[in-house]
Amino acid sequence: EERERAEREVREAEARAKAKPVASQPVPGSPWCVVFTGDNRVFYHSPAFKASLWHRPEELVGNRDVDSILANPPHKHAPVPPPAVPPAAAPAVAETAAGAEPEKQQPAAEDEEAAAAPAKKKKVEEKPPL
């Protein structure tokens, strides 16, 4: 009996975890976002109205942007590879005589310093408990 209860609690915890939002996409020109959950459900959330609905709000019925978002959920897409470096952004190569190795232009010292500096963390203020 104790084991069954523990197994049921584990299944319920897993179900709750799957039900959490995994992706959200704002609807252009609207205060609403389409939210996708880990258990493949969809709901609509409006931070402006402080409301969430399991059904499509009336103002979004027939909205083509919502139809497109639903047809192409953002969390179902394969990761898009980063764009190739355009030739203008590639390191400059000095012209050389035939058979000689090309010389790469050295990055500016300030670029190296910026790359070596650690990223700054945002300060988070803690609010006292109520």
Fill in: Lys20 and Thr37: CA distance, side-chain angles, deciding distance, side-chain contact (heavy atoms from CB on, under 4.5 Å) verdict
CA-CA 5 Å; Lys20 290 185 179 184; Thr37 65; over 6 Å; no
Fill in: ILVMFWY network linking Leu70 to Phe43, side-chain heavy atoms under 4.5 angstrom
no
Worksheet item: If you round to the nearest 0.5 Å, how far is CD of Gln25 from CZ of Phe36?
Response: 7.5 Å
Discussion item. Taking the basic N atoms (NZ, or NE/NH1/NH2) and the acidic carboxylate oxygens, is any pair closer than 4.0 Å for Glu9 and Arg5?
Written reply: yes
Fill in: Charged N-O contact under 4.0 Å between Glu7 and Arg3
yes
Practice prompt. For residues Glu59 and Ser30, report the shortest heavy-atom separation together with the two atoms involved.
Written response: OE2-OG, 4.2 Å
Worksheet item: What distance separates Ile69 CD1 from Asn63 CG, expressed to the nearest 0.5 Å?
Response: 7.5 Å
Worksheet entry | Val27 side chain near Cys33 side chain, heavy-atom distance below 4.5 Å | no
Worksheet item: How about Glu58: does its CD atom have over 12 heavy atoms from other parts shown lying under 6.0 Å from it?
Response: no
Worksheet item: Is it true that a side-chain atom of His45 and a backbone atom of Val35 form a donor plus acceptor pair closer than 3.5 Å?
Response: no
Worksheet item: So, for Trp32 and Tyr44, is the gap between ring centers shorter than 6.0 Å?
Response: no
Fill in: Donor-acceptor contact below 3.5 Å, side chain Ser46 vs main chain Pro31
yes
